[in-house]
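Heads up: the structure comes next, in structure tokens.
Proteins get letters first, then strands, A, B, ... in listed order; numbering begins at 1 in each. Values reported hereafter were calculated over all heavy atoms of this structure, with side chains retained and with hydrogens, waters and symmetry mates removed.
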Protein chains: 2
Amino acid sequence: MTKRKYVYDWPRPAVTVDMALFTVAGALNQLRLEVLLIQRDEEPFRGRWALPGGFVQEHEDLHAAAARELAEETGLREVILEQVGAVGTPGRDPRGHTITVVWAGLVPGDRAVLKASGDARAAKWFDVIALPKLAFDHDVILRLALSHLRHRLAEAPVCFELLPSSFTLSELQAVTEAILGRQLDRRNFRRKVQELGLVEPSEGTRQEGAHRPAQLYRFVPGAFERYRGKERSLPF
Amino acid sequence: MTKRKYVYDWPRPAVTVDMALFTVAGALNQLRLEVLLIQRDEEPFRGRWALPGGFVQEHEDLHAAAARELAEETGLREVILEQVGAVGTPGRDPRGHTITVVWAGLVPGDRAVLKASGDARAAKWFDVIALPKLAFDHDVILRLALSHLRHRLAEAPVCFELLPSSFTLSELQAVTEAILGRQLDRRNFRRKVQELGLVEPSEGTRQEGAHRPAQLYRFVPGAFERYRGKERSLPF
DNA sequence: GGCTATTAGTGTTATTCTCACACTAATACT
DNA sequence: AGTATTAGTGTGAGAATAACACTAATAGCC
């Protein structure tokens with residue numbers, strides 16, 4: 001622990017992390033985008049649904065705090081979380097002034113074995129178009145996170161986390177569409193992901209139902225980073 | 001003030017705001033990108049140069065805190081600040097665990113009448129390619145802010161804040177180039193800003209030196225918002 | 001007055017990206 | 001053999017982007 005030479009101690013806002021985790025669910029041709037909510041078991045807003053989250057402890061990294069709270073409240077581990085930003089409007093938390101750092105992430109449906117604990121009475125996936133009334137200003141925060149996610153995903157369809165290691169292009173497209181909330185042209189989609197080198201054919205095919213089997217693909221490790229890295233390196 | 005029903009009181013990280021303000025300086029054809037630094041007059045890092053910033057007070061909005069600290073330390077007011085993100089790596093502040101919310105902004109050179117006060121011994125603009133050693137992790141934060149700014153500016157050249165109400169297209173281009181750190185084609189640049197409807201000719205011309213006078217332009221209020229608003233509205 | 005230096009201002013073309021669009025292939029089921 | 005279903009493929013029009021060079025207007029100098 002760092003030796004603190006210059007202490008300071010006065011009333012200060014608290015810091016929390018809030019996580020907006022998304023997944024997709026339902027039939028391939030009718031995937032829904034769902035967000036993970038917990039039912040609060042503590043005041044304030046006891047019984048209300050809310051984004052998982054909690055206080056950042058002293059000497060804890062923000063990202064680590066997000067991962068810890070997520071694991072505590074929902075049992076989910078090793079989720080890739082991306083920072084969305086900080087929100088600190090006074091009055092957003094009745095307990096006192098609280099600044100929250102918002103994170104967004106994607107988790108596959110099959111890892112979604114949720115174990116509510118900690119401050120959470122229950123943890124459940126909700127369709128984003130049919131949400132209950134949320135605690136705090138979590139409706140605003142959720143919108144922020146979703147918008148962030150959609151901007152990121154519009155760059156390239158990298159929904160790694162939502163798919164098994166081997167998947168068909170139709171699956172990738174269905175998932176992308178579910179998150180973006182709009183349909184995409186199949187041929188353009190396939191051409192794009194292949195030209196970008198984001199995926200490569202893996203062995204085997206998958207067939208479900210009475211139709212032509214689909215080629216399986218896998219993500220090319222690091223391809224997205226390489227693709228994004230092309231944004232010219234800055235002189236400074 | 002909100003009545004606090006559910007108090008909580010345990011060791012918690014502090015919250016600061018840090019502002020990376022940029023301006024451009026120098027001859028039109030050789031503009032430098034400069035960042036505003038203050039010389040700390042307090043421990044820790046007394047005497048070191050740092051980004052202006054300071055603690056968020058209880059019940060203070062994050063944006064308001066940023067504006068207040070900026071005014072206190074440098075005398076600058078009514079600067080447009082955009083949130084970059086939050087950084088809270090443990091150990092980044094020797095006084096204890098501190099989470100900082102980073103803001104970026106642009107200010108015109110002529111408003112750059114800096115009055116150092118508060119925790120600041122001095123306030124000065126520095127060329128971003130010739131920076132002194134900075135306090136805390138402000139080198140990392142500055143890089144973050146600059147990268148944010150460049151991404152935003154690559155969308156459209158909206159350097160409103162850096163130019164007088166009336167300006168020539170050459171000036172606008174020079175400023176844009178200084179921030180992006182690369183040259184742009186003059187014809188393509190002029191065509192683009194005009195087609196996007198971001199600027200409109202204003203009255204008069206400006207002439208400096210032995211050459212053809214330049215048409216003056218002004219920004220069209222709200223044009224950028226309208227332009228960005230085109231990003232399809234989301235169903236959710 | 002004419003020459004020079006300097007910045008302002010303008011169009012075209014090749015290339016790349018985006019988007020809309022329709023048919024054939026392979027399979028299971030009857 | 002026929003039907004239903006999803007997988008898989010190419011092309012062309014239009015838009016955006018990027019590269020490129022000359023003329024226009026002025027001040028200063030001779």
Heavy-atom donor-acceptor pair, B/R190 side-chain to C/dG9 base, under 3.5 Å: no

Separation of atom CD in A/Q173 from atom C1' in C/dC19, rounded to whole Å: 14 Å

Rounded distance in Å - CG (B/L216) to C1' (C/dA8): 12 Å

Base C/dG9 paired with B/R187 side chain (donor-acceptor, <3.5 Å): no

Atom pair distance, as rounded to whole Å: CZ in A/F189 and P in C/dT18: 14 Å

Option passing side-chain contact (heavy atoms from CB on, under 4.5 Å) with A/E73 (candidates A/I38, A/L51, A/L36): A/I38

What protein N or O atoms touch nucleotides 1-6 of chain D N or O atoms at under 3.5 angstrom, if any, and at what distances?
from  : atom 1 : to     : atom 2 : distance (Å)
D/dT5 : O2     : A/A210 : O      : 3.1

Interatomic distance, A/L172 CG vs D/dG8 P [rounded to whole Å]: 12 Å

Nucleotide C/dC19, atom P - distance to CG of A/L184 in whole Å: 10 Å

B/R150 vs B/L33 side-chain heavy atoms within contact, under 4.5 Å: yes

For atom CG of A/D185 and atom P of C/dC17, their distance in whole Å: 17 Å

Whichever of B/Q215 and A/G209 has its nearest DNA chain C nucleotide further upstream toward 5': B/Q215

Close side-chain approach of B/E161 and B/V79, heavy atoms under 4.5 Å: no

Would you list the protein and nucleotides 11-17 of chain D atom pairs, both N or O, that sit under 3.5 Å from each other?
from   : atom 1 : to     : atom 2 : distance (Å)
D/dT11 : O4     : A/R191 : NH2    : 3.3

Any side-chain heavy-atom pair of A/I179 and A/F22 under 4.5 Å: no

Non-hydrogen side-chain atoms of A/L106 and A/V24 separated by less than 4.5 Å: no

Over 12 non-hydrogen atoms of neighbours within 6.0 angstrom of CG in A/L28: yes

Heavy-atom side-chain contact between A/Q83 and A/W103 under 4.5 Å: yes

Heavy-atom side-chain proximity of A/R48 to A/F136 below 4.5 angstrom: no

Atom-pair distance (CD on A/E155; P on C/dT18), nearest Å: 13 Å

Separation of C/dA8 P from B/F167 CZ (nearest whole Å): 14 Å

Side-chain N or O of A/Q207 closer than 4.0 Å to phosphate OP1/OP2 of C/dA28: yes

A/R143 side chain near A/V140 side chain, heavy-atom distance below 4.5 Å: no

